[in-house]
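What you are looking at is a predicted structure, and each value in this text was computed from that prediction instead of being measured. FYI, side chains are in, hydrogens and waters are out, and symmetry mates aren't considered; it's all heavy atoms of this structure.
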Amino acid sequence: MNTSEHKPSALPLLRRPHWPLAAALGAVALIRPLFSITGLTGDLGAPATPLILTAVISVVWIGAGALARVRDPLTTLVAAGLVYAVSSIVLSGVLSPLLLGKLEGPLAHPQAIVPVLAVNAVWGALCGACALGVRAVRVRRGQGA
């Protein structure tokens with residue numbers, strides 16, 4: 001067997017994400033912590049507002065993944081989830097000492113960092129799977145990918 005041969009991976013999860021789109025979508029998701037920081041979450045209703053924001057962000061992510069001409073929306077949206085997670089961890093680390101006078105969030109509790117990354121990667125994966133489904137429906141209907 002020739003070891004210099006390189007077989008392309010059949011697993012879509014190993015494809016390279018579209019980083020500019022992942023970064024933009026991760027930035028869009030920062031609306032959730034910004035609502036919390038500004039107090040809008042409390043003003044608009046604490047239990048419902050984060051859920052509504054998550055739903056709206058998810059629809060934006062799914063739409064972008066389905067409509068953008070990226071090679072693999074699944075990995076791109078997983079990357080978006082990770083971009084959001086890292087950005088929100090950093091944002092919390094910078095803003096909590098300024099606004100609260102002490103460090104709060106995942107950086108204050110390092111055991112929370114991996115779960116934050118995992119939850120947001122799963123969120124991205126679910127949105128990516130939905131985007132693939134929407135894309136498949138569009139292709140079947142002849143609307144292109």
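- Cluster membership for Val86 and Leu103, using ILVMFWY side-chain heavy atoms within less than 4.5 angstrom, is shared.
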Pair Arg16-Thr75, side-chain hydrogen bond (donor to acceptor under 3.5 Å, both in side chains): steps then yes or no: CA-CA 7 Å; Arg16 193 173 141 204; Thr75 58; over 6 Å; no

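- When atom types are taken as modelled, the side chain of Thr76 and the backbone of His18 share a donor-acceptor pair closer than 3.5 angstrom.
- Nearest heavy atoms, Ala79 versus Ala22: CB-CB, 3.8 Å.
- Scanning both residues, Pro97 and Gly93, for their nearest heavy atoms gives CD-O, 3.2 Å.
- Leu74 CG to Leu126 CG: the interatomic distance, rounded to the nearest 0.5 Å, is 9.5 Å.
- At a threshold of 4.5 Å between non-hydrogen side-chain atoms, the residues Val70 and Arg135 count as touching.
- With hydrophobic clusters built from ILVMFWY side chains whose heavy atoms lie under 4.5 angstrom apart, Val83 does not share a cluster with Val28.
- Here the straight-line distance linking atom NZ of Lys102 with atom OG of Ser96 works out to 9.5 Å at 0.5 Å rounding.
- Looking at heavy atoms from C-beta onward, Pro33 lies in side-chain contact with Tyr84 at the 4.5 angstrom threshold.
- Between Ser36 and Thr41 the shortest heavy-atom distance is N-OG1, 3.4 Å.
- Side-chain heavy atoms closer than 4.5 Å link hydrophobic residues (I, L, V, M, F, W, Y) into clusters, and following such links, possibly through other members, connects Leu95 to Ile31.
- Residues Leu99 and Ile37 are in side-chain contact: their nearest non-hydrogen atoms beyond the backbone lie under 4.5 Å apart.
- Here the shortest heavy-atom pairing between Arg138 and Ala66 reads NH1-O, 3.8 Å.
- Sorted by first then second residue, the ring-ring contact (aromatic ring centres under 6.0 Å, His included) pairs that include residues 22-53, not counting sequence neighbours, number zero.
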Criterion side-chain contact (heavy atoms from CB on, under 4.5 Å) on Leu25 and Val60, from CA distance to verdict: CA-CA 8 Å; Leu25 294 174; Val60 169; 4.3 Å; yes

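- Side-chain contact check for Val78 versus Pro17: every heavy-atom pair is 4.5 Å or farther apart.
- The distance from atom CD1 of Ile52 to atom CD1 of Ile57, rounded to the nearest 0.5 Å, is 12.0 Å.
- Rounding to the nearest 0.5 Å places CG of Leu40 at 14.0 Å from CZ of Arg32.
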Can you give the donor-acceptor pairs under 3.5 Å from side chains of residues 106-123 to other protein atoms, not counting sequence neighbours?
{"unit_1": "Asn120", "atom_1": "ND2", "unit_2": "Val116", "atom_2": "O", "d": "2.8"}
{"unit_1": "Trp123", "atom_1": "NE1", "unit_2": "Ser58", "atom_2": "OG", "d": "2.8"}

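- Looking at every heavy atom in both residues, Ala29 comes nearest to Trp61 through CB-CZ2, 3.7 Å.
- The distance from atom OG1 of Thr38 to atom CG of Asp43, rounded to the nearest 0.5 Å, is 8.0 Å.
- Distance CD1/Ile62 to SG/Cys130: 4.0 Å, rounded to 0.5 Å.
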